[in-house]
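Following: one structure in structure tokens, then a few remarks.
Positions are given from 1 along the sequence.
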Amino acid sequence: MRRYGKHTDEDDIRSRPNRKGNRPRTHIRPKHEDAAEGLVLTVDRGRLTCLVDDRTVLAMKARELGRKAAVVGDRVALVGDLSGKKDTLARIVRIEERASVLRRTADDDDPYERVVVANADQLAIVTALADPEPRPRLIDRCLVAAFDAGLEPLLVMTKSDLASPDKLLELYGHLDIPYVVTSREELENGGAADRVLEHLRGKVTAFVGHSGVGKTTLVNALVPEDRRRTTGHVNAVTGRGRHTTTSALALPLGDGEGDGWVIDTPGVRSFGLAHIDPSRVINAFPDLVPGTEGCPRACSHDEQDCALDAWVEAGHADPARLYSLRRLLATRERREGD
């Protein structure tokens with residue numbers, strides 16, 4: 001075996017030939033400083049449709065990104081063929097830092113987080129007032145996920161021609177959540193879409209809701225030039241709707257990014273919160289936060305020694321707000337259909 005001293009030079013060292021004839025591997029990743037900026041519009045079986053300037057480009061994730069996956073709403077850097085022509089494919093080489101991430105799990109026991117959308121400003125929770133019946137527990141879970149992700153919630157109630165919104169408004173009124181009530185007739189005439197648009201302009205809004213609540217119908221009314229296949233069918237036996245949207249899709253509300261975006265997501269049957277730390281939910285109630293200073297360590301805010309009871313009794317906050325907080329905290333122990 002040959003041994004080398006301290007003062008060897010490169011010419012004195014033999015290198016093993018590369019039989020494949022390709023370049024040797026390196027751990028140094030290229031910076032891709034000339035990469036173009038893009039926005040992920042939708043993801044389908046490993047192919048990502050991105051908006052680059054004013055054209056859509058089909059791309060795939062570069063191997064150097066490893067397990068890191070891009071999702072709808074991500075700002076990415078792309079290289080390769082960016083013409084957007086048929087049968088061309090670009091490469092996503094970088095995923096930019098996310099301003100917000102909306103996550104969910106399959107259920108409360110599932111440790112695997114699923115990123116729903118990235119970089120959204122607002123979460124529009126769409127629920128039908130009838131056919132199918134409202135599911136308050138699912139709404140509560142979506143609210144907790146929105147608060148945890150730092151998104152502004154918006155409650156959109158559809159099918160008001162079939163039932164009154166009064167019961168739901170009474171349940172969520174103390175949370176100070178903005179809301180819009182719509183009917184199918186209003187959507188067809190454009191009136192409801194205009195009222196919803198007032199809450200969406202200049203923001204990136206993700207739409208979530210149970211299957212069959214009219215979410216995609218609403219999105220189609222907001223973005224008529226990008227109409228998607230809709231269905232009004234609801235299973236007569238289970239009361240559950242059939243899926244219309246099969247993958248998340250970002251759609252522009254106008255000609256410029258400043259006009260806002262809506263992201264239509266597939267209908268959900270559950271919204272797991274295994275990834276949520278309950279201690280962060282209190283941040284959605286700034287009027288109650290000062291009252292937690294006297295709470296015992298690791299207080300669940302729903303126990304005998306919780307200082308919030310005395311805080312509310314002293315008149316510092318509305319009792320209904322404390323009730324709402326505890327109802328949201330309890331969602332992790334309850335199934336959506338309870």
Side-chain angles (χ1 to χ4, degrees), residues 68 71-74 97-125 127 135-155 171-179 203-209 263 265 268 270-312 316-336 338:
K68 190 174 183 180
V71 300
V72 174
D74 264 325
E97 184 178 354
R98 293 163 173 168
S100 67
V101 180
L102 177 66
R103 300 180 173 92
R104 77 178 182 95
T105 56
D107 53 51
D108 290 345
D109 299 321
D110 184 7
Y112 179 69
E113 297 179 11
R114 294 160 176 80
V115 178
V116 182
V117 296
N119 298 317
D121 305 306
Q122 184 172 236
L123 182 65
I125 304 167
T127 181
R135 297 174 64 186
R137 297 289 76 79
L138 180 60
I139 297 173
D140 287 348
R141 286 168 171 265
C142 292
L143 287 173
V144 171
F147 292 146
D148 183 74
L151 306 184
E152 302 173 13
L154 171 67
L155 185 59
L171 188 60
Y172 294 100
H174 294 289
L175 285 172
D176 296 328
I177 300 172
Y179 66 88
K203 300 178 181 179
V204 177
T205 305
F207 279 67
V208 298
I263 301 178
T265 65
V268 296
S270 64
F271 208 108
L273 300 176
H275 63 293
I276 301 288
D277 182 351
S279 65
R280 298 199 298 262
V281 180
I282 185 68
N283 295 327
F285 297 80
D287 51 332
L288 297 178
V289 171
T292 63
E293 294 180 1
C295 286
R297 187 175 181 180
C299 180
S300 66
H301 304 311
D302 194 15
E303 54 192 68
Q304 188 174 359
D305 296 331
C306 180
L308 286 175
D309 291 291
W311 174 265
V312 170
H316 297 297
D318 190 331
R321 294 280 287 170
L322 180 57
Y323 169 77
S324 296
L325 167 66
R326 288 174 171 167
R327 190 181 79 237
L328 292 181
L329 287 171
T331 59
R332 287 196 57 176
E333 279 97 45
R334 295 196 299 249
R335 297 288 180 181
E336 290 89 331
D338 292 350

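Atom-to-atom distance recorded for T127:OG1 and I139:CD1 is 4.0 Å, nearest 0.5 angstrom. A distance of 9.0 Å separates CG in N283 from CG in D148, rounded to the nearest 0.5 Å. The CZ atom of F285 lies 5.0 Å from the CG atom of L325; values are rounded to the nearest 0.5 Å. Note that CZ of R135 and CZ of R141 are 9.5 Å apart. Values are rounded to the nearest 0.5 Å. Taking CD of E303 as the start and CG of D309 as the end, the distance is 10.0 Å to the nearest 0.5 Å. Interatomic distance, CG of L273 versus CZ of R103, reported as 13.0 Å (0.5 Å rounding).
Within the 4.5 Å cutoff, no side-chain heavy atoms of V117 are placed close to those of V71. Put simply, the side chain of L143 reaches to within 4.5 Å of the side chain of L175, judged on heavy atoms. Counting only heavy atoms from C-beta outward, the side chains of L288 and L308 approach each other to under 4.5 Å. Side-chain contact between L151 and S100 is present, with heavy atoms from C-beta onward closer than 4.5 Å. Residues L154 and F207 have side chains not in contact (no heavy-atom distance under 4.5 Å, counting atoms from C-beta outward). Side-chain atoms of T105 and Y112, non-hydrogen and from C-beta on, never get closer than 4.5 Å to each other. Within the 4.5 Å cutoff, no side-chain heavy atoms of Q122 are placed close to those of P153. By the 4.5 Å heavy-atom criterion applied to side chains, V72 and T265 are not counted as neighbours.
Each salt bridge (Lys or Arg N to Asp or Glu O under 4.0 Å) pair with one or both residues in residues 283-302, not counting sequence neighbours, appears once here: D287-R321, D302-R326.
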side-chain hydrogen bond (donor to acceptor under 3.5 Å, both in side chains) assessment of Y323 paired with D318:
CA-CA 9 Å; Y323 169 77; D318 190 331; over 6 Å; no

Is there a side-chain contact (heavy atoms from CB on, under 4.5 Å) between Y172 and D140 once you walk through the steps?
CA-CA 9 Å; Y172 294 100; D140 287 348; 2.9 Å; yes

Between R327 and R137, is the side-chain contact (heavy atoms from CB on, under 4.5 Å) condition met? List the steps.
CA-CA 9 Å; R327 190 181 79 237; R137 297 289 76 79; 3.4 Å; yes

Given the rule in the side-chain contact (heavy atoms from CB on, under 4.5 Å) test, do D121 and T205 qualify, once you have shown the distances and angles that lead to the verdict?
CA-CA 6 Å; D121 305 306; T205 305; over 6 Å; no

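A salt bridge links E152 to K203: one of the charged nitrogens lies within less than 4.0 Å of a carboxylate oxygen.
Scanning all heavy atoms of the two residues, the minimum distance from P136 to L171 falls at CB-CD2, 3.9 Å. L123 approaches A146 most closely through the heavy-atom pair CD2-CB, 3.7 Å. Minimum heavy-atom separation, I263 to V204: CD1-CG1, 3.9 Å. Across every non-hydrogen atom of L329 and S300, the tightest pair is CD1-O, 3.6 Å.
Counting only distance, with no hydrogens or angles, the side chain of H301 and the backbone of I282 share no donor-acceptor pair below 3.5 Å.
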